[in-house]
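This report concerns only the one structure given below.
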Amino acid sequence: MEVGALPVRSLNYLMTKTGLDGSEDHMVVVAISLFVTLLCACIVLGHLMEEFQYISESVTAIILGFCTGIIVLVASNGASSHVLQFNEELFFIYLLPPIIFNAGFQVKKKQFFRNFIAIMLYGVIGVFISFAIISAGCKFTFPKFGLDKLTIGDYLALGTIFSATDSVCVLQVLNQDDSPLLYSLVFGEGVVNDATSVVLFRAVQKLSFKDFTGMEVIRICGSFLQLFFSSTVLGVAIGLLSAYIIKTLYLARHSTDREIALMTIMAYLSYILAELFYLSGILTVFFCGIVMSHYTWHNVTESSRITTRHGFATMSFIAETFIFLYVGMDALDVDKWKMVQISSGDYFGLFFTIITLVLVGRAAFVFPLSALANYMRKSSDTKITFRQQIVIWWAGLMRGAVSIALAFNQFTSSGDANRPEYAAAITATIGIVLFTLMVFGTATKPLMRCVLPPTSKSEYLESEPHTPKDFSFSDFHVPLLLGSNQLSGSPRPVARRSSLVMLLSAPTNVIHDAWRAFDDAYMRPLFGGRGFVPYNSDPLTNAEDDVAYPCH
């Protein structure tokens with residue numbers, strides 16, 4: 001962490017006042033110590049408040065960060081409310097990768113790919129619709145509140161900033177066991193939405209508005225498609241490479257630490273390589289997590305499976321808590337508030353205008369695209385009901401750390417806004433994030449109880465032991481090439497015709513059946529996966545494995 005990211009004056013004042021050494025090296029230690037202490041406090045408070053169903057851990061972290069910011073602000077005589085200034089590089093390089101990777105590693109793959117078309121509609125087409133509405137709304141209304149010096153590029157950047165949903169908070173609000181369909185749709189959209197928003201944001205920053213033509217729009221769309229597919233292929237390739245290495249070399253015969261370390265480092269390598277080649281690290285590490293959970297995770301020993309499952313979840317939890325802590329503290333950054341030169345009435349008008357644009361922008365694509373997705377779903381049991389669409393619309397209104405990171409990237413230099421209108425944009429973004437997390441995030445669970453009948457929450461709920469989160473270790477020794485019907489003990493289904501008519505009428509089922517046949521015949525024998533038995537260094541266990549798998 002860079003020393004330059006610290007507010008030296010306020011920390012130096014605080015430490016001198018308390019009689020501590022005020023050197024820069026010691027200030028770094030103080031800042032880290034404070035955040036580690038706050039992380040410990042968040043864990044304890046989250047446990048104690050587990051009974052309060054309407055308060056998630058993200059809200060708890062925000063409140064604790066806000067209270068800590070008040071204490072620091074008072075102790076520094078109004079000089080600063082935090083000891084660390086936000087650094088988008090810290091967020092994108094260190095905090096975001098473990099969150100997105102764990103999401104892909106733990107997600108129910110069958111639910112995700114079953115709803116893949118709807119997820120892509122929401123996460124790609126929906127972002128462009130929301131981006132257009134919010135950008136146009138900001139361009140039309142902001143000058144009325146005294147912000148008439150923003151450029152076209154700034155308005156387009158605001159469109160991407162407020163179109164990015166918070167997939168992190170969705171993980172804590174929705175439960176994939178209680179509401180698998182909603183979780184799959186909202187969370188899947190959130191991951192694709194974040195990637196689309198980041199790619200679109202970078203495209204907007206590179207635009208030359210002096211020579212902007214229709215061909216420029218086509219070029220942006222082509223660049224986005226290239227980035228999307230390239231990022232996906234890279235994540236899949238690194239996930240398969242890790243599976244092949246661990247399956248072939250049997251690293252655990254000497255040390256299980258090596259296979260755990262290799263999984264962890266290669267997962268992070270996928271994100272870093274994507275950033276190195278100017279791809280979407282979010283998409284790359286997400287699909288790398290999916291591939292690793294499908295192949296690599298089943299190639300390691302039982303102890304490594306337990307360790308990686310909980311280790312990745314722990315790293316994700318710490319990163320999430322750190323982000324929400326800082327959001328709470330940064331809400332009281334006096335330097336930005338002092339620089340804002342519009343009146344309080346105009347500021348609140350600006351705030352509620354953005355909230356309205358976010359609400360309208362999301363409604364403009366959720367309901368029409370849900371109707372389109374339902375048109376492609378021939379079975380009435382798989383259609384997205386209007387009540388579920390309301391929950392999808394509401395749950396996706398939360399804005400989080402991605403919005404803040406993009407806003408800091410656009411409107412600040414080294415964490416500080418150098419123009420009054422930029423300071424207003426930053427403070428408005430922080431206010432929107434706090435409001436949406438506290439209000440929309442807290443009200444999501446009560447809304448689900450009111451809108452959805454109890455039977456709707458269990459749709460698609462079926463046994464799916466292909467995910468590390470809910471894998472039963474009693475199912476380790478499963479023959480390699482058994483299909484899902486054979487595993488469940490159900491009779492062999494009647495063979496269905498494979499035709500263009502069948503593909504058009506039920507594209508998801510046809511593609512899924514074709515993938516299962518290809519996976520069983522070619523992918524699992526080469527890369528391992530469920531049913532593969534890794535080498536076990538325990539001679540007693542090896543003897544049992546040799547009896548069960550004489551050909552191994």
Can you classify the ring geometry of [X] versus [Y] as parallel (below 30°), tilted (30 to 60°) or perpendicular (above 60°)?
X	Y	result
Y522	F518	tilted
F35	Y326	parallel
F116	F112	perpendicular
F105	F312	perpendicular

May I ask you to test the [X]-[Y] pair for a side-chain heavy-atom distance under 4.5 Å?
X	Y	value
Q106	R309	yes
I99	I323	yes
L121	F365	no
T196	F128	yes
I272	F277	no
C42	F324	no
V186	Y122	no
T296	V291	no

Using modelled atom types only, decide if a donor and an acceptor are shared between the side chain of [X] and the backbone of [Y] within a distance under 3.5 Å.
X	Y	answer
T436	M398	no
N299	I246	no
N193	V124	no
T308	I260	no
T307	S303	yes
T160	A157	yes
R387	V451	yes
W393	Q388	no
Y278	L227	no

Return the [atom1] to [atom2] distance between [X] and [Y], rounded to the nearest 0.5 Å.
X	Y	atom1	atom2	result
F101	I290	CZ	CD1	10.5 Å
L397	F162	CG	CZ	13.5 Å
D194	F201	CG	CZ	13.5 Å
I432	L357	CD1	CG	9.5 Å
F286	T232	CZ	OG1	10.0 Å
H298	K247	NE2	NZ	14.5 Å

Self-check item: With F91, the side-chain contact (heavy atoms from CB on, under 4.5 Å) member among V402, I404, N409
Solution: V402

Self-check item: Qualifying residue, where the test is side-chain contact (heavy atoms from CB on, under 4.5 Å) with L406 and the options are I161, L158, T429
Solution: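 When side-chain contact (heavy atoms from CB on, under 4.5 Å) is applied between L406 and each of I161, L158, T429, only I161 qualifies.
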
Exercise. Using the side-chain contact (heavy atoms from CB on, under 4.5 Å) rule, take M329 and L38 through it: C-alpha gap first, then chi angles, then the decisive distance, then the call.
Key: CA-CA 11 Å; M329 295 181 68; L38 291 175; 4.2 Å; yes

How about [X] and [Y]: does a side-chain donor come under 3.5 Å of a side-chain acceptor?
X	Y	result
S280	S231	no
T301	E259	yes
Q389	T385	no
S242	Y295	no

Grab the two heavy atoms, one from [X] and one from [Y], that are nearest each other, plus how far apart they are.
X	Y	value
V433	R399	CG1-O, 3.3 Å
T165	G396	CG2-O, 3.1 Å
S304	T256	OG-CB, 3.5 Å
S184	N115	OG-ND2, 3.4 Å
P525	D520	CD-O, 3.5 Å
L64	A41	CD2-CB, 3.8 Å

Quiz item: Is F66 atom CZ crowded by more than 12 heavy atoms from other residues, nucleotides or ligands, each under 6.0 Å away?
Solution: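 Check fails, neighbour count at 12 or below.
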
Practice problem: Check whether more than 12 heavy atoms from other residues, nucleotides or ligands sit under 6.0 Å from atom OH of Y244, and answer yes or no. | Solution: no

Self-check item: Test side-chain contact (heavy atoms from CB on, under 4.5 Å) applied to L95 and E320, step by step
Solution: CA-CA 8 Å; L95 298 179; E320 293 169 13; over 6 Å; no

Quiz item: Is R202 paired with E275 through a side-chain N to carboxylate O contact shorter than 4.0 Å?
Solution: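 A salt bridge is present here (some side-chain N lies under 4.0 Å from a carboxylate O).
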
Quiz prompt | Electrostatic pair E189-R362, nearest N-O below 4.0 angstrom | solution =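 Salt bridge present between E189 and R362.
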
Quiz item: Can you check side-chain contact (heavy atoms from CB on, under 4.5 Å) on Y268 and V285, steps first, answer last?
Solution: CA-CA 7 Å; Y268 189 68; V285 77; over 6 Å; no

Practice problem: Check step by step if side-chain contact (heavy atoms from CB on, under 4.5 Å) holds for T284 and L273. | Solution: CA-CA 9 Å; T284 299; L273 286 179; over 6 Å; no

